[in-house]
There are 2 protein chains.
Amino acid sequence: MHPTLLERLQQQRGYRLTAQRRVVAQVLEGENLHLTADEVLSQAEAMLPEISRATVYSTLQQFVDMGQLLELSLDGRSRRYDPNIDPPHHHLICTECDGVFDVAHNVAAPDAGDGLEIESAQIIYRGRCTDCA
Amino acid sequence: MHPTLLERLQQQRGYRLTAQRRVVAQVLEGENLHLTADEVLSQAEAMLPEISRATVYSTLQQFVDMGQLLELSLDGRSRRYDPNIDPPHHHLICTECDGVFDVAHNVAAPDAGDGLEIESAQIIYRGRCTDCA
DNA sequence: CCGTGGTTTGGACTTTGTCCAAAGTCGGAC
DNA sequence: GTCCGACTTTGGACAAAGTCCAAACCACGG
């Protein structure tokens with residue numbers, strides 16, 4: 001099994017793993033979990049009532065900047081966060097239940113030619129998930 | 001050349017092509033244009049000052065529902081609209097200038113297996129555009 | 001010319017995210 | 001053990017983006 005987000009954070013040096021950061025990391029953990037920042041906030045409040053919105057937002061941003069958390073823009077309305085960075089994968093949005101599902105990364109990131117410098121490619125599929133199909 | 005958004009809308013039956021809808025369509029038209037709803041609103045106001053925000057938002061949504069306009073979720077904050085639906089293509093976000101660029105669709109939409117029913121695949125590349133690279 | 005249904009309007013409202021100054025907390029130096 | 005400085009958190013105000021709704025408007029068929 002791959003190390004969890006929390007375990008990966010514990011390896012980071014020069015970085016205080018405060019109670020707030022631990023709670024945010026714990027809330028995010030899980031297979032096929034793609035929470036919004038506000039969902040993270042409410043679940044974090046259940047574990048640590050005095051945590052503030054600003055902390056959750058900035059902590060999420062830090063995890064993303066550290067490369068330990070994936071930020072997804074799926075609906076143009078909110079951002080979702082995926083703690084599973086390894087192995088790389090893509091996402092399916094079910095047109096029926098609106099759920100977000102991990103999809104195996106079984107395709108080489110296609111090059112786009114034309115002198116562009118591609119750093120990463122993210123694929124968003126739309127269709128029906130296994131439950132709805 | 002492919003028909004423009006406005007030309008395609010004129011073909012639609014059972015649909016009133018009002019002044020407001022025509023203005024929205026005209027504003028969107030263009031190569032490599034990826035406007036946000038508020039950008040569409042300000043440009044539409046220049047042509048038709050009494051147009052309202054609600055109309056622009058609902059008109060954009062209608063065009064998307066008709067399949068005549070592509071909605072992009074690139075930054076989790078706002079939505080952008082692309083009138084060029086044919087030929088299909090993908091998008092690059094330049095990490096340097098933050099611009100959005102069309103990228104040729106030169107890759108077969110990969111299947112994702114596992115009994116999923118894929119309807120469409122959208123690829124978002126991150127990297128540097130030809131100007132910045 | 002009237003009624004009907006689709007369309008637009010303005011404005012209030014919600015959601016999501018950002019910013020900032022003040023307060024709190026941790027770890028190392030001494 | 002205590003103190004200092006740097007890092008972290010907090011609450012609240014603010015901003016941006018989008019939604020909702022009742023009333024007004026308008027176009028067309030009858």
Side-chain angles (χ1 to χ4, degrees), chain A residues 6 9-10 12-28 34-66 68-82 98 100, chain B residues 6 9-10 12-28 34-66 68-82 98 100:
Chain A
L6 188 55
L9 291 170
Q10 282 162 352
Q12 296 265 336
R13 339 258 237 95
Y15 184 74
R16 276 195 221 154
L17 196 45
T18 64
Q20 288 86 345
R21 288 172 181 170
R22 223 170 320 151
V23 165
V24 170
Q26 283 170 19
V27 167
L28 284 166
H34 307 87
L35 301 177
T36 65
D38 274 341
E39 286 165 354
V40 173
L41 175 59
S42 8
Q43 294 192 33
E45 277 172 337
M47 305 168 71
L48 188 65
E50 67 274 25
I51 200 171
S52 86
R53 163 194 301 274
T55 300
V56 170
Y57 274 85
S58 83
T59 299
L60 289 170
Q61 190 53 57
Q62 287 158 12
F63 291 175
V64 170
D65 290 345
M66 287 190 281
Q68 296 298 342
L69 187 60
L70 232 54
E71 186 178 64
L72 308 176
S73 303
L74 301 179
D75 65 356
R77 193 62 201 284
S78 56
R79 297 169 192 168
R80 294 185 174 272
Y81 295 92
D82 186 338
D98 286 329
V100 179
Chain B
L6 187 55
L9 291 170
Q10 282 161 353
Q12 297 265 336
R13 339 256 238 97
Y15 183 74
R16 277 197 219 154
L17 196 46
T18 63
Q20 288 86 344
R21 288 172 179 168
R22 221 168 317 132
V23 164
V24 170
Q26 283 169 19
V27 166
L28 284 166
H34 306 89
L35 300 178
T36 65
D38 274 338
E39 287 165 353
V40 173
L41 173 60
S42 9
Q43 293 192 33
E45 278 173 337
M47 303 167 74
L48 187 66
E50 67 275 24
I51 199 172
S52 86
R53 163 194 300 277
T55 299
V56 170
Y57 273 85
S58 83
T59 299
L60 289 171
Q61 189 55 57
Q62 286 158 12
F63 291 175
V64 171
D65 290 345
M66 287 191 280
Q68 297 298 344
L69 187 60
L70 229 55
E71 186 179 64
L72 308 176
S73 302
L74 300 179
D75 65 356
R77 194 62 199 285
S78 57
R79 297 170 193 166
R80 292 185 176 272
Y81 295 92
D82 186 338
D98 286 330
V100 179

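Note that this is a predicted model, so its numbers are computed, not measured.
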Ignoring backbone atoms, establish whether A:Gln20 has a side-chain N or O less than 4.0 Å from OP1 or OP2 of D:dT10. yes
Under-4.0 Å salt bridge between B:Glu71 and B:Arg80: no
More 5' along DNA chain C: B:Arg53 or B:Leu48, using each one's nearest nucleotide? B:Leu48
In whole angstrom, give the distance that lies between atom OH of B:Tyr57 and atom P of D:dC21. 18 Å
Distance in angstrom units between B:Ile51 CD1 and D:dC25 P, rounded: 17 Å
Among the nucleotides C:dT16, C:dT9, D:dT9, whichever has the atom closest to the side chain of A:Thr18 is D:dT9
May I ask you to say what A:Ser78 touches in the nucleic acid, namely base, sugar-phosphate or nothing, with a heavy-atom cut-off under 4.0 Å? sugar-phosphate
Consider the side chain of B:Ala54, meaning its heavy atoms from C-beta on, and name the nucleotide among C:dT9, C:dG17, D:dT10 that approaches it most closely. C:dT9
In whole angstroms, the gap separating C1' of D:dT8 from CG of A:Leu9 amounts to 16 Å
Would you please confirm or rule out a distance under 4.0 Å between OP1 or OP2 of D:dT19 and any side-chain N or O of B:Arg79? yes
Round to the nearest Å and state the distance from A:Tyr15 atom OH to D:dT9 atom C1'. 12 Å
Select from A:Arg80 and B:Gln62 the residue whose nearest nucleotide in DNA chain C is closer to the 5' end of that strand. B:Gln62
Can you tell me if A:Ser52 touches the phosphate of D:dT10, counting only side-chain N or O atoms and a distance under 4.0 Å to OP1 or OP2? yes
From A:Gln43 atom CD to A:Leu48 atom CG, the distance as rounded to the nearest 0.5 Å: 13.5 Å
Of the nucleotides C:dG11, D:dT10, D:dA17, which has the atom closest to the A:Arg77 side chain? D:dA17
Kindly indicate, with the supporting measurements, whether the criterion side-chain contact (heavy atoms from CB on, under 4.5 Å) is fulfilled by B:Leu41 and B:Val24. CA-CA 8 Å; B:Leu41 173 60; B:Val24 170; over 6 Å; no
How many whole angstroms separate atom CD of A:Glu45 from atom P of D:dG11? 10 Å
Note: A:Arg79-B:Asp75 ion pair, threshold 4.0 Å (strictly below): no
D:dC28 P sits how many Å from B:Leu17 CG, rounded? 12 Å
B:Glu50 CD to C:dG11 C1', straight-line distance once rounded to whole Å: 17 Å
Starting at atom CD of B:Glu39, determine the distance to atom P of D:dA16, rounded to an integer number of angstrom. 13 Å
Does a side-chain N or O from B:Arg16 land closer than 4.0 Å to OP1 or OP2 of D:dC28, or not? no
Evaluation steps, side-chain contact (heavy atoms from CB on, under 4.5 Å), between B:Leu6 and B:Arg22: CA-CA 7 Å; B:Leu6 187 55; B:Arg22 221 168 317 132; 3.5 Å; yes
Taking the minimum atom-to-atom distance to the side chain of A:Asp38, which one of C:dT16, C:dT18, C:dT8 wins? C:dT16
Would you say a side-chain N or O of B:Gln61 is under 4.0 Å from OP1 or OP2 of D:dT19? no
